Colleague: 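First, the structure itself, so that you have it in front of you.
What you see below is based on every heavy atom in this structure, not just the backbone, and it leaves out hydrogens, waters and symmetry mates. Just so we're clear, the structure is a prediction, and the values are computed from it rather than from any experiment. Proteins get letters first, then strands, A, B, ... in listed order; numbering begins at 1 in each.
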Amino acid sequence: MLKAPRGTSDTLPPDTSKWAYIEGVMRQVSRRFNFEEIRTPTFEHLELFARTVGETTDIVEKEMYSFKDKTGRDLALRPEGTAPVARAFLEHGMASGPLPRKFFYMGPMFRYEKPQAGRYREHRQFGVEILGSASPYSDVEVIVLAMELAAELGLTGTTLHLNSIGCPSCRSGYKAKLIEYLRPKTDLLCEDCKSRLERNPLRVLDCKQEGCRSAIVGAPSMLDHLCPDCKAHWDQMTRILASQGISFEVDSALVRGLDYYTRTVFELKWPPLGAQNTLVGGGRYDGLIAELGGPPIPGVGFGMGIERMLLATDKGSKPIQAETAIDVFVIGLGTDQTVGEKAFGLVRDLRRAGLCCEFDPLQRSMKAQMRQADRMNAKFAAILGDDEVARGVVTIRSMSEGWQKSVDESSVVNVLREEVTGCGK
RNA sequence: GUGGAUGUAGCUCAGCUGGCUAGAGCACCAGGUUGUGGCCCUGGGGGUCGCGGGUUCAAGUCCCGUCAUUCACCCCA
């Protein structure tokens with residue numbers, strides 16, 4: 001039997017309604033923060049990611065779903081959301097419009113990785129970007145949005161991990177110092193880190209290997225080598241966070257695997273999730289727009305894994321429960337076809353009146369239809385059979401309380417509407 | 001990409017050291033009630049035992065491969 005490709009999955013009811021709920025919360029919170037939705041293509045030119053995310057990053061080096069189309073264009077399914085938003089921002093002249101501009105997006109991302117819990121080859125992200133603000137208030141605004149979202153979904157105990165990786169100028173000075181510090185200890189490093197040492201020494205910092213960890217003990221910290229501007233940004237941001245009572249953990253090993261980041265990088269984690277416990281990852285990318293050929297417009301944002309949020313809410317204090325109950329199940333019991341047609345008409349009327357309503361197209365037995373009504377958690381059953389039709393009435397039955405009564409067919413819609421909303425009592 | 005675990009019905013699982021037509025619970029359908037759900041009783045449908053190969057008189061069971069899931073590493077959302 002054909003199955004969904006590795007690392008992909010189907011979302012079935014009732015999980016689809018959990019998705020709808022979580023997406024609804026994301027939209028509402030975004031609205032409160034005045035972020036506007038942007039939608040970009042699912043695939044882009046390969047070059048967009050190669051240039052911005054970085055040629056030497058894992059994402060570009062080995063995780064991209066890249067392909068040639070029929071005329072030989074190099075394309076890739078998007079592995080992340082920021083570069084496409086930056087591209088669209090530039091392409092549509094928003095760089096010369098009012099700034100800052102605030103966007104959110106939701107959609108699938110693709111990375112060719114080995115799947116495990118919380119990590120899939122196709123996953124959905126919610127993300128936000130603020131373009132055109134270098135202010136640390138914007139860093140804090142996106143962080144606050146992420147935390148608000150987690151809180152709204154019942155996730156208590158998330159931890160904010162924070163670092164600054166400086167700007168290209170202070171980073172290059174720092175890299176030189178770091179290489180200088182690590183070079184005598186090369187023997188301690190793992191194979192990966194030996195090659196990283198010259199290309200991307202920052203990545204050695206977050207290597208988990210025993211040897212590498214001991215090598216970096218006492219290594220110079222980026223935070224101590226920030227240039228005056230980057231230092232000022234960091235100080236202001238952490239001060240604003242403190243002023244809002246937001247606690248965070250400074251994590252000098254937090255580097256992140258995308259090259260476009262500058263200054264602030266952060267992750268929001270939720271420990272109960274296990275190995276893949278990063279809910280949100282983001283940071284500032286002041287050089288990204290310029291890298292794409294635009295003016296030097298700064299930006300800051302994050303991506304949030306929706307599958308992980310869903311996994312987390314299931315384990316959290318406020319699990320999302322799917323709303324599946326219906327208001328009325330109409331039971332048609334006709335020896336004559338006109339009875340079925342009448343029942344079907346009643347279903348239409350009830351639905352037009354705003355009630356959630358179901359019936360049995362197979363017109364099974366009374367018992368079978370009652371069972372369905374019960375299974376669907378119907379508040380009421382409305383029975384329409386030969387007797388009722390002859391008397392011009394409909395029998396309505398409260399499924400929870402068990403009572404039933406005859407109601408004139410002309411008023412049944414109103415009676416049911418009142419019963420369901422509780423207005424008639 | 002590396003290492004470990006797992007794979008039997010829609011779901012959760014049993015199936016001992018290889019041995020008759022592969023089972024249970026739940027779910028589904030029908031009947032017990034010719035028009036009344038939940039509980040109960042009876043019956044029914046549904047399985048290429050992940051897939052492919054091998055060993056054997058005989059494989060769900062043993063061996064190899066493969067695919068998938070899962071846990072950890074790596075990386076991240």
Colleague: What is the separation between atom CD on A:Gln363 and atom P on B:A30, rounded to the nearest whole Å?
Modeller: 14 Å
Colleague: Which of the following nucleotides, B:C74, B:A77, B:U36, is nearest to the side chain of A:Gln276?
Modeller: B:C74
Colleague: How far does the P atom of B:G18 sit from the matching atom of B:C64, given to the nearest Å?
Modeller: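 It works out to 16 Å between them.
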Colleague: Could you check whether the side chain of A:Arg371 and the base of B:C28 have a donor-acceptor pair of N or O atoms closer than 3.5 Å, going by distance alone?
Modeller: no
Colleague: Suppose you measure atom P in B:U36 against the same atom in B:U70; what distance do you get, rounded to whole Å?
Modeller: 47 Å
Colleague: Ring centres of A:Phe344 and A:Phe359 under 6.0 Å apart?
Modeller: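 Ring centroids of A:Phe344 and A:Phe359 are less than 6.0 Å from each other.
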Colleague: Paired with B:A77: which nucleotide, if any, by Watson-Crick or G-U wobble criteria at under 3.5 Å for both distances?
Modeller: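 Across all strands, not a single nucleotide pairs with B:A77.
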Colleague: In whole angstrom, give the distance that lies between atom CG of A:Leu273 and atom C1' of B:C75.
Modeller: 16 Å
Colleague: Does A:Glu61 make a side-chain donor-acceptor contact with the base of B:G1, cut-off 3.5 Å?
Modeller: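 There is none.
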Colleague: Whole angstrom is fine here: how far is it from CG in A:Leu333 over to P in B:G35?
Modeller: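 Rounding to the nearest Å, CG of A:Leu333 and P of B:G35 are 7 Å apart.
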Colleague: With both distances under 3.5 Å as the test, what is the Watson-Crick or G-U wobble partner of B:U48?
Modeller: none
Colleague: Between the base of B:C74 and the side chain of A:Arg119, is one N or O donor paired with an acceptor at under 3.5 angstrom?
Modeller: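 A donor-acceptor contact between them is present.
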Colleague: Once you round it to whole Å, what is the distance between C1' of B:C75 and NE2 of A:His123?
Modeller: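 Rounded to whole Å, this separation is 12 Å.
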Colleague: Quantified in whole Å, what is the C1' atom distance between nucleotide B:G10 and nucleotide B:G47?
Modeller: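 Going atom to atom, C1' in each nucleotide, I get 11 Å.
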Colleague: Distance from A:Thr324 atom OG1 to A:Met376 atom CE, nearest 0.5 Å?
Modeller: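 The OG1 atom of A:Thr324 sits 10.0 Å away from the CE atom of A:Met376.
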Colleague: Which of these nucleotides, B:A72, B:U69, B:G38, is closest to any side-chain atom of A:Arg6?
Modeller: B:U69
Colleague: Side chain of A:Ser135, backbone of A:Tyr137: donor and acceptor closer than 3.5 Å?
Modeller: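 A pair under 3.5 Å: yes.
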Colleague: May I ask you to verify if any side-chain N or O of A:Arg111 is less than 4.0 angstrom from the OP1 or OP2 atom of B:C76?
Modeller: no
Colleague: Determine which nucleotide pairs with B:A72, using a 3.5 Å limit on both distances of a Watson-Crick or G-U wobble pair.
Modeller: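 The answer is B:U2, by the H-bond criterion.
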Colleague: Tell me if the side-chain of A:Arg375 makes a donor-acceptor pair with the base of B:G38, cut-off 3.5 Å, by modelled atom types.
Modeller: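 Absent.
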Colleague: Whole-Å distance between B:C74 C1' and A:Gln116 CD?
Modeller: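 Rounded to whole Å, this separation is 9 Å.
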Colleague: Quick one: CZ on A:Phe104 to CZ on A:Phe33, what's the gap to the nearest 0.5 Å?
Modeller: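 Reported value, rounded in 0.5 Å steps: 13.0 Å.
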Colleague: Could you give the distance separating B:G65 and B:U6 at their P atoms, to the nearest angstrom?
Modeller: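 To the nearest whole Å, 15 Å.
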Colleague: Using the ring of A:Trp270 (Phe, Tyr or Trp, six-membered ring only), decide whether A:Arg308 places NZ or CZ under 6.0 Å from its centre and within 45 degrees of its axis.
Modeller: no
Colleague: Considering every strand shown, what is the Watson-Crick or G-U wobble mate of B:U61 when both distances are under 3.5 Å?
Modeller: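 Its partner: none found.
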Colleague: Counting N and O atoms only, with roles assigned by atom type, does the side chain of A:Glu129 sit under 3.5 Å from a partner on the main chain of A:Gly299, one being a donor and the other an acceptor?
Modeller: no
Colleague: Between A:Pro5 and A:Arg121, name the one whose nearest nucleotide on RNA chain B is closer to the 5' end.
Modeller: A:Pro5
Colleague: Roughly how many Å apart are B:A5 and B:G46, using the P atom of each and rounding to a whole number?
Modeller: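 B:G46 and B:A5 have their P atoms separated by 37 Å.
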Colleague: Both A:Ile59 and A:Ala4 contact RNA chain B. Which one's nearest nucleotide lies toward the 5' end?
Modeller: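 The residue closer to the strand's 5' end, by nearest nucleotide, is A:Ala4.
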Colleague: C1' atom, B:U21 versus B:G25: distance in rounded Å?
Modeller: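 Comparing C1' positions in B:U21 and B:G25 gives a spacing of 22 Å.
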Colleague: Considering every strand shown, what is the Watson-Crick or G-U wobble mate of B:G10 when both distances are under 3.5 Å?
Modeller: B:C26
Colleague: When rounded to the nearest Å, what value does the distance between C1' atoms of B:A24 and B:G19 take?
Modeller: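 Between the two C1' atoms, the distance is 22 Å.
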Colleague: Write down the partner of B:U36 under the Watson-Crick or G-U wobble criteria, each distance required to be under 3.5 Å.
Modeller: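 B:U36 is unpaired by these criteria.
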Colleague: Please measure how far the P atom in B:A72 lies from the corresponding atom in B:C26, and state the result in whole Å.
Modeller: 34 Å
